[in-house]
Amino acid sequence: MASPPPKQGDPRPPLARRMISRAAHFSFLVTRPMTLGVRGVVIDETGAVLLVKHSYVAGWHFPGGGVEAGETCESALARELSEEANVAIEAPMSLHGLYYNSGASRRDHVAVYLVSRFRRIGERAPDREILAAQFFPRGALPDDATRATRARLAEIFDAKPISAHW
């Protein structure tokens with residue numbers, strides 16, 4: 001199959017055009033990158049919340065991760081919940097808040113969703129990324145649950161004001 005003809009009026013060969021396009025894209029990423037992540041506050045019928053413990057960062061966190069190119073926040077969260085905790089979402093989730101996460105970078109944001117209708121696909125065996133995925137009663141969170149985890153729970157359950165910062 002032949003390559004498409006060059007754009008009208010562009011005398012550069014296709015490889016040169018591709019290289020220039022990639023350089024421009026890289027320049028954009030370096031000068032104006034923004035990252036977006038999602039976290040799920042999964043609450044079971046008893047009010048217990050799902051937390052995960054990663055191998056590469058201290059503390060217990062809500063499950064979640066980065067939103068990939070071409071992916072919605074909701075589909076990214078569904079993927080992350082499945083990967084990190086063997087949880088499948090069964091009903092629409094609701095957006096709790098959007099937070100600026102300066103601890104990760106100057107341009108990082110985290111969308112937090114509430115998930116109350118879900119099913120466990122099975123037990124989550126520890127691996128190189130996730131050491132544990134477990135439900136905890138709100139009054140019995142692990143001592144090393146992160147500050148951001150505790151702050152989001154206070155917003156959700158204790159009517160604390162929603163912060164703009166993670």
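Remember, predicted model here, so these are calculated numbers, not experimental data.
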Distance in Å, S102 OG paired with H109 NE2, rounded so as to fall on 0.5 Å steps: 10.0 Å
Shortest non-hydrogen contact between L153 and L141, atoms and distance: CD1-CD1, 3.7 Å
Whether the side chain of S75 engages the backbone of T72 through a donor-acceptor N/O pair (distance < 3.5 Å, no angle test) should be reported. yes
Mind listing the closest non-hydrogen atom pair of A132 and W60 along with its distance? CB-CH2, 3.6 Å
Kindly determine whether L81 and V115 satisfy side chain to side chain contact (heavy atoms under 4.5 Å, CB included), including the steps that lead there. CA-CA 10 Å; L81 288 174; V115 179; 4.3 Å; yes
Gap between atom CD of E80 and atom CD of E71 - 0.5 Å precision: 8.0 Å
Distance in Å, L98 CG paired with Y113 OH, rounded so as to fall on 0.5 Å steps: 8.5 Å
Across all chains, not counting sequence neighbours, the salt bridge (charged side-chain N to carboxylate O under 4.0 Å, His left out) partners of R152 are E155
Linked, directly or transitively: V52 and V87 (ILVMFWY side chains, under 4.5 Å): no
Treating Ile, Leu, Val, Met, Phe, Trp and Tyr as nodes and any side-chain heavy-atom pair under 4.5 angstrom as an edge, say whether L36 and M93 lie in one connected cluster. yes
For F157, which residues count as a ring pair (Phe, Tyr, Trp, His ring centres under 6.0 Å) partner, sequence neighbours excluded? none
Nearest 0.5 angstrom please: S82 OG to I89 CD1, how far? 9.5 Å
Does any N or O in the side chain of R147 come within less than 3.5 Å of the main-chain N or O of W166, such that one atom is a donor and the other an acceptor? yes
Taking E68 for its side chain and A76 for its backbone only, find out whether a donor-acceptor pair lies under 3.5 Å. no
Using the six-membered ring wherever Trp is involved, compare the ring planes of F135 and F118 and label them parallel, tilted or perpendicular (cut-offs 30° and 60°). parallel
Measure from the side-chain N and O atoms of R119 to the backbone N and O of A88, and report whether any donor-acceptor pair falls under 3.5 Å. no
Common cluster, V41/Y99, ILVMFWY with side-chain heavy-atom separation under 4.5 Å: yes
Looking only at heavy atoms, the pair that brings T35 and S105 closest together is OG1-OG, 4.2 Å
Backbone N or O of I121 within a donor-acceptor pair of the N86 side chain at under 3.5 Å? no
Closest non-hydrogen atom pair between A111 and L95, with its separation: CB-CD1, 4.1 Å
For residues P142 and L51, determine if any side-chain heavy atom of one lies less than 4.5 Å from a side-chain heavy atom of the other. yes
Partner residues of H96 under the ring pair (Phe, Tyr, Trp, His ring centres under 6.0 Å) criterion, sequence neighbours left out: none
Hey, could you give me the OG/CG distance between S94 and L114, rounded to the nearest 0.5 Å? 4.0 Å
Return yes when atom CZ of R117 has more than 12 non-hydrogen atoms of other residues, nucleotides or ligands closer than 6.0 Å, and no otherwise. no
Which heavy atom in E84 sits nearest to a heavy atom in H54, and how many Å separate them? OE2-NE2, 3.6 Å
According to a hydrophobic-cluster definition based on side-chain heavy atoms being under 4.5 Å apart (Ile, Leu, Val, Met, Phe, Trp, Tyr only), do V49 and V112 belong together? yes
In terms of heavy-atom contacts, L50 and A133 come closest through CD1-C, 4.2 Å
Basic-acidic side-chain contact under 4.0 Å: D158, R150: no
Kindly determine whether V110 and V38 satisfy side chain to side chain contact (heavy atoms under 4.5 Å, CB included), including the steps that lead there. CA-CA 5 Å; V110 179; V38 289; over 6 Å; no
Taking L77's backbone N and O only, do any of them form a donor-acceptor pair with R39's side chain (distance below 3.5 Å, no angle check)? no
Side-chain heavy atoms of D144 within contact of K53, under 4.5 Å: yes
